[in-house]
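A note on names: the letters A, B, ... follow the listed sequences, proteins ahead of strands, and every chain is numbered from 1.
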Amino acid sequence: MGGLQKKKFERGSATNYITRNKARKKLSLSLPDFRRLCILKGIYPHEPKHKKKVNKGSTAARTFYLLKDIRFLLHEPIVGKFRDYKVFVRKLKRAYGKTEWSAVERLRENKPTYKLDHIIKERYPSFIDALRDIDDALCMCFLFSTFARTGKCHVQTIQLCRRLTVEWMNYVIASRSLKKVFISIKGIYYQAEVMGQLITWLVPYQFSHDHPTDVDYRVMATFTEMYTTLQGFVNFRLYHSLNLIYPPKLDSKAESQLEDEGAYAMNSESYLEKLSALSSSLARVVSSAEEEEAELDQFPVEGEDIEKMEAREKEQQQQEVQKKIFVGLKFFLNRESPRESLAFVIRCFGGEVSWDKSVCIGSTYDVKDETITHQIVDRPSIEKQYINRYYIQPQWVYDCVNAKILLPVEDYFLGVTLPPHLSPFVEEKDGDYVPPEKLKIMALQRGEKPANDEEEEEEEEEEDDEDDEEEDNEDEEEEAEEKNLKKMEQQRSQGKSLQVKVTPGKVKVENPERLEQEEKAEEKRLAIMMMKKKEKYLYDKIMFGKKRKVREANKLAAKRKAHDDAEKSKKKKARK
Amino acid sequence: MFPRAVMEGSSSENTRSEKIEKMKKVQEKSAKKKRSKEEQEEEEQKDVEVFIFNNKVSEEEEEDGDLSDSEDSVFSGLEDSGSDSDEDDEEKEEDNDEGLKEEQKQAQQVDEEEEEEEEEEEGVTEEKEDEYKHDSSDEEDIRNTVGNIPMEWYKDFPHIGYDLDGKKIYKPIRNKDELDDFLDKMENPDYWRTVQDKQTGSDVVLSDEQVQLVKRLQMGQFGDVNFNEYQPQVEFFSQDVMLHPVTNRPADKRSFIPSLLEKEKVSKLVHAIKMGWIKPRRDDQDTRGRYYDLWASEDTSILAKHKMHLPAPKIRLPGHHESYNPPPEYMFTDEERALWEQQDPADRKFPFVPRSFSSLRHVPAFPRFIHERFERCLDLYLCPRQRKMRVNVNPEDLIPKLPKPKDLQPFPTTQSLVYRGHTGLVRSISVSPSGQWLASGSDDGSVRFWEVCSSRCMKTIQVGGPVKSVAWNPNPSVCLLAVALDSAVLILSPALADRQVVSSSERLLSSQQETELMEGASIVTWSDAEGEELNQGIRLKIQHPKAVQQVTWHAKGDYLASVMPDHSSHLQVLIHQVSRRRSQNPFRKNKGLVQSVSFHPVRPYFFVATQRSVRIYNLVKQEMTKKLQANSKWISSMAVHPAGDHVICGSYDCRLSWFDLDLSTKPYKMLRHHKKAVRGVAYHRLYPLFASASDDGSVIVCHGTVYNDLLQNPLIVPVKVLRGHVITHDLGVLDVTFHPTQPWVFSSGADATIRLFT
């Protein structure tokens, strides 16, 4: 009975966590400031394993942070800046109250600001870390750059976001690192591979936003503040890795070309506009001719045989080819097609692109150019057509990029019903449902020529009919048999007037394979019965997931079949 | 002040109008006299008039005000003279000023001069108004000297006031009645412009100019027609430094000496700067857009700090559903759409409805774009992160490797015979030790004897009540059957064997005659059957005090145990000795509701299964040796392995527990093979088989090898699931038993059949 009594909640997990309110008080910050600090420093709450223990016996819902994290925040210089800002606001209010305008002006000029450089460095100690997290930064910058310059956030922020996104797109073009594009109902997804990292970002369509009221723009603005800083540093580093000048400058050639077009924008903005046209290449620190593709030597990895190495080499070559699918093609964008997206994608894959002079700055040739090979049109028909070029819909460009080959243009002519646009991000494993369009594209990739569809269809139809008939016959026979059996059973069970009658039996053919299968299935069933409870649970869960997947795949297949049948019958009717 | 200024302006410009006005006013004077008389009458009529000539009244009122204002300048002789003298003074000042001005701007127009005059005048009038600011007497109508009093005070007098000379002003004669008024209104073209002067009570016909004035004022315009309110403004005090000062005033002294106040202010600022209270202006451009190589020297020391940091998971990549032009199978059907709309947003598989557009130009903006980005932001800073270990198990690996059932043959595999005949559920079955006969007891009140091989019913004995349990005497040298029925146990001798066997069983039953006398005072009564019953084969009747649920024989065939489940009594189990017709209650205490009992096949042990546990008693030592915890809610049945070291229990919560008596009191294995309550369990006497029957209509046969080696645990492998019984009234198979020599299993079900699986 000796010794001091141990008090509860003074050791163990209770001391490792701190509630949000306590943390806030410890940092002596207001909630919005605390929130901002957490966003900037990347601190997120933790879910303790034993909530009740950590919560000192209470079960109330609370947010917990790790005490270590909060201690880490205590030393942050930005916390001091937040306090400075609070003081500044107070002074400013006071000056306003006393209508001391000079004081107001003076205070305004000395508004405390802070830099986030050290935070970025701290959060992303290596460049690859930063690249890994750049997805969200890009999405946010692209969203903010589409905002109208009205009060929702600072105009400078919008401009900065625009600048950074344009820089990023120019980098992707210069490094040819775009991999996949997907037009979704939300916006356009792009995926690029930069330094081995897959980076995906989403760009909204170019419409004015209907600003929702239930969104806290302060939170978004704080994120954007952090992301713009991150994005800027990443851009700087990326540009330097390609020997490009940062902030980006246009080629001297391109610059002279664009010199005369001053009418589009004010002087201060015109350079950004020219850059955002994406039509011309960027100036380099070292002249570009020098570093043209130094051949990479191949070193065999240990334990790899020559065959594998060759395969790898081949793959690399293929990738090189895929990077250049649009080389030698000259595109012209009609004014209704999404210019920025198309120009970006086409330039990423080496195509030349231009548009009408009145659409945007930076057009390099006009419609009448005889060497144009493809004109991208997004309207049902066009009046004046040139013979020596294809008039295609914009989806062709994106589909080509995803398929990594030039797809046949016939499906994408004007007024034609477009083939479905598939997501390049879906990778089907065996057992998953693969839409027939994807199969077609895969066949094209393998170099097979598409068979004549219509004939096939007809043949199929005939076969189907036959099959159906056969099945019907079988079904009928079975039914009849069953009926007989049922009758017999009934009579037997009633036991009355059992007519003793011998009917010639039929030889029942036993399928040895099937029997074996059945046997195996039963074995498995019995073995499953003997599983331990824990394993059984896990097994059931896995099997449930598998079954659900199969069910979904089947459902999709059935839906597709129904749709195709409906289409066929429609066609037939139309023919008649 | 305003109207007067107007009047003055107009008088200076337009003398003609002044004349007209004067003339008018003379007219008015005379008219007023008349009117003052009429006023009284009119006031009486007023109420009526308000309704009829609403417009007119309002007009009148306004005009009254106007008139009084405009007239005072004319009729107030005092003011006129005063203003004249003032103006003279002004003229002098003006001369001075204008002398200066003319030098400044010679080219200025006449208009402007006039304006200046006006300004000057205003300045003067302000001075004058200081005197009379709150004195409104100057605005009085001087034709009538009564002053500003309610005129109804003069209602009862013939006069309305006094003129300047002190003579009475008489009210004008008003003898117009309504009709006259109406006629006047119809005939007099000036009626609409006739107003009554309250001061004099006379009617005044407004002139055209006056009417115009009223109209203009009503429209909010200036009273003076010629006044141009949009005259070009002259920047008098402009930014340009003029050659000459605007005023003639000499410079102040303070403009020559340094200001003390300013000095004080400056010194304050200097002090503040010195003390660092005021910071000098930063030359601060937008530093946000300045970037440099942040990762020039990658510091790996920081990396160590971030071990605990979890990078945020990336956003899920979009599937075909999200395409602007998805394949048709990815579009929602009507049902799916309805389901989507019904579901809670958190439960939905997709946060959006797939849509299809024929071309890119039709694609609209996504309405929830900002929302989704915002939600992502919230996720990033509000969600706790967790590393989740994903189990990547091949489900096939989880399945235990068991010996193949093929290698464990023989065991029953197919249903070969169905014994039909009962009309109620068959509760219990038992096979004779020779294996030739099968006895079954049913709820229809009959016990039937079947030949096993032919499924023929050899004998039917009506016992007159639902049979709960039947048990064939395991001694092969006798042929007896114990039947539990209500509160009695019957011993039947079905005579289905050799004559020798039949006679030996008869002997067994009759040998006890002597001993019966000795056992007098007992709870049960033994009685011989007589008459009809004897003919049927019933030999003995053991009457119990309560309903008997189960009977079971000892292996030797002499002892018989019966179960009467009862919560409250210690009298639940009775052991009878048939040869001596003796019964005894082995227990003195109630240890729970007894479900079933069983004798140990070899040793003098007795198994009692209560609701939750199985107790094993040593009959010789008369003590409990073991208590097995079944880990199930309610034991339904029990069977003891023929070697006696293993027990299986079926329970109503779908479990079958196998106890190894050498190992522990906990089940060695729990088998959850059945989907519904287990009703019966049985061991095979020779083969390593056991079977369980359940309400789900199936009989599961398992292989259960028991090794002689104590170190090796029994091997339990399910080998066959036998189905055949039809589930009726939620009851499936009620009892199961093995053939004593063959690997066959019998099962009786609620569908009134008995089935044999071989």
Side-chain angles (χ1 to χ4, degrees), chain A residues 38-39 44-47 109-110 117 120-122 125-127 132-133 135 143 156 160 182-187 189 204-205 207 209 212 215 219-220 223 232-233 236-237 336 378 393-394 418 420-423 425-426 435 437 523 526-531 535 538-539 542-543 556 559-560 563, chain B residues 278-279 281-282 286-289 291-295 298-299 302-303 306 311 314-315 317-320 322-329 352 355 358-361 363 365-367 369-371 373-374 376-377 380-386 391 393 395 398-400 402 404-405 673 717-719:
Chain A
C38 284
I39 291 170
Y44 47 85
H46 275 255
E47 187 87 357
E109 273 159 10
N110 280 316
D117 305 7
I120 300 292
K121 176 85 198 227
E122 193 180 64
S126 69
F127 180 59
R132 224 174 267 152
D133 245 19
D135 284 18
L143 171 63
Q156 289 97 320
L160 185 63
F182 176 50
I183 322 171
S184 83
I185 49 174
K186 292 183 187 171
Y189 286 89
Y205 290 115
F207 292 106
H209 292 281
V215 163
V219 170
M220 301 260 278
F223 268 102
F233 285 121
F236 185 93
R237 175 91 177 203
E336 69 277 358
D378 197 2
Q393 302 196 37
L418 286 170
H421 180 65
L422 299 172
S423 166
F425 302 115
V426 180
E437 288 82 12
E523 252 175 55
L526 292 170
I528 286 168
M529 287 201 313
M530 281 307 284
M531 267 165 126
E535 284 173 356
L538 184 62
Y539 179 83
I542 294 172
M543 291 319 272
L556 283 176
K559 253 165 123 181
R560 177 67 181 217
H563 180 263
Chain B
I278 297 179
K279 289 196 183 77
R281 179 181 301 171
R282 258 183 331 199
D286 194 13
T287 51
R288 289 193 304 170
Y291 304 110
Y292 51 91
D293 194 355
L294 190 69
W295 293 280
E298 286 198 0
D299 193 1
I302 311 176
L303 279 171
H306 287 255
K314 296 200 167 190
I315 308 175
L317 291 173
H320 299 313
E322 215 180 302
S323 170
Y324 88 102
N325 181 17
E329 62 268 33
F352 54 87
R355 296 180 68 186
S358 61
S359 73
L360 196 52
R361 68 172 185 282
V363 184
F366 188 62
F369 196 93
I370 295 177
H371 269 120
R373 199 98 288 282
F374 179 62
R376 170 74 179 168
C377 285
L380 283 177
Y381 90 98
L382 282 181
C383 279
R385 294 179 199 168
Q386 225 169 28
V391 274
V393 188
L398 290 172
I399 299 172
L402 295 174
K404 279 190 177 176
H673 297 168
V717 183
V719 286

Which atoms of A:F233 approach chain B - backbone, side chain, both or neither, heavy atom under 4.5 Å: both
Heavy-atom distance under 4.5 Å between the side chains of A:Q393 and B:S359, does that happen here? yes
Who among A:V215, A:D133, A:I39 has the most heavy-atom pairs with chain B under 4.5 Å? A:V215
Could you check which of A:E437, A:K186, A:E523 has the highest count of heavy-atom pairs closer than 4.5 Å to chain B? A:K186
I'd like to know which of A:L538, A:I185, A:I120, A:D117 tops the heavy-atom pair count under 4.5 Å against chain B. A:I185
Which atoms of B:R385 are under 4.5 Å from chain A, going by heavy atoms: the side chain, the backbone, both sets, or neither? both
Given side chains that start at C-beta, do those of A:L143 and B:I370 come closer than 4.5 Å, heavy atoms only? yes
B:P328 versus chain A, heavy atoms under 4.5 Å apart: side chain, backbone, both or neither? both
Report which part of B:Y292 has an atom under 4.5 Å of a heavy atom belonging to chain A: side chain, backbone, both, or neither. both
Looking at OH of A:Y44 and SG of B:C383, how far apart are the two atoms once the value is rounded to the nearest 0.5 Å? 11.5 Å
Chain A interface, residue from B:Q386, B:H371, B:R355, B:K404 that has the most non-hydrogen pairs under 4.5 Å: B:H371
Sequence neighbours excluded, the answer for side chain to side chain donor-acceptor pair (under 3.5 Å) partners of A:D135 is none
With chain A, the option among B:V363, B:L402, B:L294, B:L317 that has the most non-hydrogen atom pairs under 4.5 Å is B:L294
All ring pair (Phe, Tyr, Trp, His ring centres under 6.0 Å) counterparts of A:F207, not counting sequence neighbours: none
At a heavy-atom separation under 4.5 Å, does B:L380 approach chain A through its side chain, its backbone, both, or neither? both
Closest heavy-atom pair and its distance - B:H673, A:M530: NE2-SD, 3.5 Å
For B:V393, which atoms come within 4.5 Å of any heavy atom of chain A: side chain, backbone, both, or neither? both
Engaged part of A:F127 at the chain B interface, taking heavy atoms whose separation is under 4.5 Å: both
Given the options A:L422, A:V219, A:I542, A:L418, which has more heavy-atom pairs under 4.5 Å with chain B than any of the others? A:L422
With a 4.5 angstrom heavy-atom cut-off, which part of A:P204 approaches chain B: side chain, backbone, both or neither? both
Return the option, out of B:W295, B:F366, B:F352, B:Y381, with the maximum number of heavy-atom pairs under 4.5 Å with chain A. B:W295
Determine yes or no for a side-chain-to-main-chain donor-acceptor pair under 3.5 angstrom, with A:S423 supplying the side chain and B:P318 the backbone. yes
Smallest separation among heavy atoms of B:S323 and A:H421, with atom names: OG-O, 2.6 Å
What's the verdict on side chain to side chain contact (heavy atoms under 4.5 Å, CB included) for B:E322 and A:Y189, showing C-alpha distance, side-chain angles and the deciding distance? CA-CA 11 Å; B:E322 215 180 302; A:Y189 286 89; 2.8 Å; yes
Please round to the nearest 0.5 Å and tell me the distance separating atom CD of A:E535 and atom CD1 of B:I399. 10.5 Å
Out of curiosity, A:M531 CE to B:L398 CG, how far, rounded to the nearest 0.5 Å? 5.0 Å
Which atoms of A:E47 approach chain B - backbone, side chain, both or neither, heavy atom under 4.5 Å: both
Please work out which of the three classes, parallel, tilted or perpendicular, describes the rings of B:F369 and A:H209, given edges at 30° and 60°. tilted
Candidate pair A:V426 and B:H320, rule side chain to side chain contact (heavy atoms under 4.5 Å, CB included), full reasoning: CA-CA 7 Å; A:V426 180; B:H320 299 313; 3.9 Å; yes
